[in-house]
Amino acid sequence: MKRYLFVILMMSSYCIQAQNTAYFMDHFPQKISYNPAFVPDVNFYIAMPGIGGISGNVYNSGFTYNELDYFTDHLMNDSYNPDDFVRGIGNYNKTTADIRVNIFSVGFKTKKNEYISFNVSENSISSVRASSDIAYLLADLDDLNDDDFPIRIDDIDLNSTNYLSYSFSYSREINENLTVGISPKINFSHFGIQTNDIGYIIELEETEFDKEYNQYPLGEILLGMPVEINPESIHNGELNLDDDNLAGDWPENAKYGDFNKNGTLAIDLGATYKLNEWTFSASILNIGASKWRTNGYRLQGNNDETVYIEEEKIPIGIPAKIYLGVNRQFAPNWNYGMVLNNTFYKSGSLASATASLNGYVGKMLSTSVSYTAGYKFDNLGLGLRLRILPGTDLFFISDNVIDLFSYKKANLFSAAFGININVGIRNESEQL
């Protein structure tokens, strides 16, 4: 069980969608999602459902899978002091997770100075910041000593949202130096949860034949759902967390329209500026509010009671992101650059910086080799775009490629892969 709980902590739903290594990659049209002013260097591209790409990062600050495994396996050992592990985490543990699944995208050159693209994607972004005692939640409670109870975890900040996004991107070259881009989006929220400095208590109740653990939150929780809470779990205005809070048959009864009731508008803005062999770029993503207008709830935990309130509008935001980049074209097919990325989670921002060497060899291969600092300081990245069939490109990108092969020892997991159909790869002289 602890292994699955670790995955929940690390993923918390479905890390930064962006792999910074992809930011300057040539012949990789998806980089328009980092900056709508980026003009793909292909005349036409299409990414199909199922093969069009999955991108995700997961980061946990305080411990790795192996460290958690050792902690939980030795709790019953009298010579082991679990408090040493908890203190080693620091005051707080922070987890971020961001996954993007491409459902469909297409882009094409319209005029000499314009590019248009459409994209449909499923997105899930989460962040959890909590006191280091949260490690005890990942253990089997039966393995803890009775005198460890009650367990109280304070200052839990959780923000998680899952949504379907329809976006339209338009980029235009204003002159030979300046290109601007805009990407309006409609986001349909599916699941969401947000807390602010709540507490969580686990109490031990011993009976004649068994042990029982009473668990409940302290504080306020905002909750957004695609369907209503199961009425049978509500008694006198209180929500019984031990009941099934969703009706057991809700997946069978849910309709497609149930997932499209909570639509909101957002926008991405970006620009690039060329100065001789240098190119400067900047973008801000996810500008706009996100609200639940149906099936939005406010839960208030107090002692062993959870008061249930249905609200007309529940705000559960999508974190905004900024990118600042600069690169220098030192050879016809090669450049080096640096990009700064900051994601503004409710519990605090998470910044990273990536330096990369990028280039391509004809139509067959694009590559990027990178180093990223900001999570930890041992992140070597690699990006590859390989033509496997006429007009068909396979891509793989990671900000931390070494730890993909030893993920149990890693704090950061980063990968993106998929297949694009690219037509009309242009040389530098043919750029918009």
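When reading the values below, keep in mind they use all heavy atoms of this one structure, side chains included, and skip hydrogens, waters and symmetry mates.
Residues Ser349 and Phe344 form a side-chain contact, since some pair of their non-hydrogen atoms from C-beta on lies under 4.5 Å apart. The shortest side-chain heavy-atom distance between Asn358 and Tyr336 does not fall under the 4.5 Å cut-off. Using a 4.5 Å heavy-atom threshold, the side chains of Asn286 and Ile267 count as separate. No side-chain heavy atom of Ile287 sits less than 4.5 Å from a side-chain heavy atom of Asp268.
Using the six-membered ring where Trp is involved, Tyr80 and Tyr70 have ring planes that are perpendicular, over 60° apart on the 30 and 60° scheme. In this pair, Tyr34 and Tyr323 present their aromatic rings perpendicular. The plane angle is above 60°, beyond the 30 to 60° band. Ring-plane geometry between Phe71 and Phe85 is classed as parallel, the angle between the planes falling under 30 degrees on a 0 to 90 degree scale with a further cut at 60.
With Asn175 contributing its side chain and Asn177 its backbone, the two residues share a donor-acceptor pair below 3.5 Å. Of the possible polar contacts, one joining the Asn379 side chain to the Thr372 backbone as a donor-acceptor pair under 3.5 Å is found. Remark: side-chain polar atoms of Asp399 are paired, donor with acceptor, to backbone N or O of Asn20 under 3.5 angstrom. No donor-acceptor distance shorter than 3.5 angstrom exists from the side chain of Thr354 to the backbone of Thr21, with no hydrogens or angles considered.
Judged by distance alone, the side chains of Asn123 and Asn162 never bring a donor and an acceptor atom under 3.5 Å apart. No donor-acceptor contact under 3.5 angstrom links the side chains of Asn102 and Glu122, judged on distance only. A donor-acceptor pair shorter than 3.5 Å cannot be found between the side chains of Asn93 and Ser132. No hydrogens or angles considered: a donor-acceptor pair under 3.5 Å links the side chains of Arg100 and Asn119.
The distance from atom CG of Leu158 to atom OH of Tyr345, rounded to the nearest 0.5 Å, is 12.5 Å. Separation of atoms CD (Glu277) and OG1 (Thr279) is listed at 9.5 Å; rounding is to 0.5 Å. Once rounded to the nearest 0.5 Å, the distance linking CG of Leu382 with CG of Asn400 reads 11.5 Å. Between atom CD1 of residue Ile46 and atom OG of residue Ser105 there is a gap of 7.5 Å, rounded to the nearest 0.5 Å.
Lys109 forms no cation-pi arrangement with Tyr115, by the criterion of a distance under 6.0 Å to the ring centre and an angle within 45° of the ring axis. Both tests pass for Arg129 against the ring of Tyr92: distance under 6.0 Å to the centre and angle within 45° of the axis.
Atom CG of Asn91 is surrounded by 12 or fewer heavy atoms from other residues, nucleotides or ligands within 6.0 Å.
The pair Glu220-Arg298 counts as a salt bridge, with a side-chain nitrogen and a carboxylate oxygen less than 4.0 angstrom apart.
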Discussion item. Between Ser160 and Ser126, does the side-chain hydrogen bond (donor to acceptor under 3.5 Å, both in side chains) criterion hold? Intermediate values first, please.
Written reply: CA-CA 4 Å; Ser160 180; Ser126 301; 2.7 Å; yes
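You'll find the ring centres of Tyr163 and His190 outside the 6.0 Å limit. Checked against the 6.0 Å centroid threshold, Phe417 and Phe395 do not count as a close aromatic pair. The ring of Phe168 has its center closer than 6.0 angstrom to the ring center of Phe118. The six-membered or imidazole ring of Phe38 lies near that of Tyr23, with a centre-to-centre distance under 6.0 Å.
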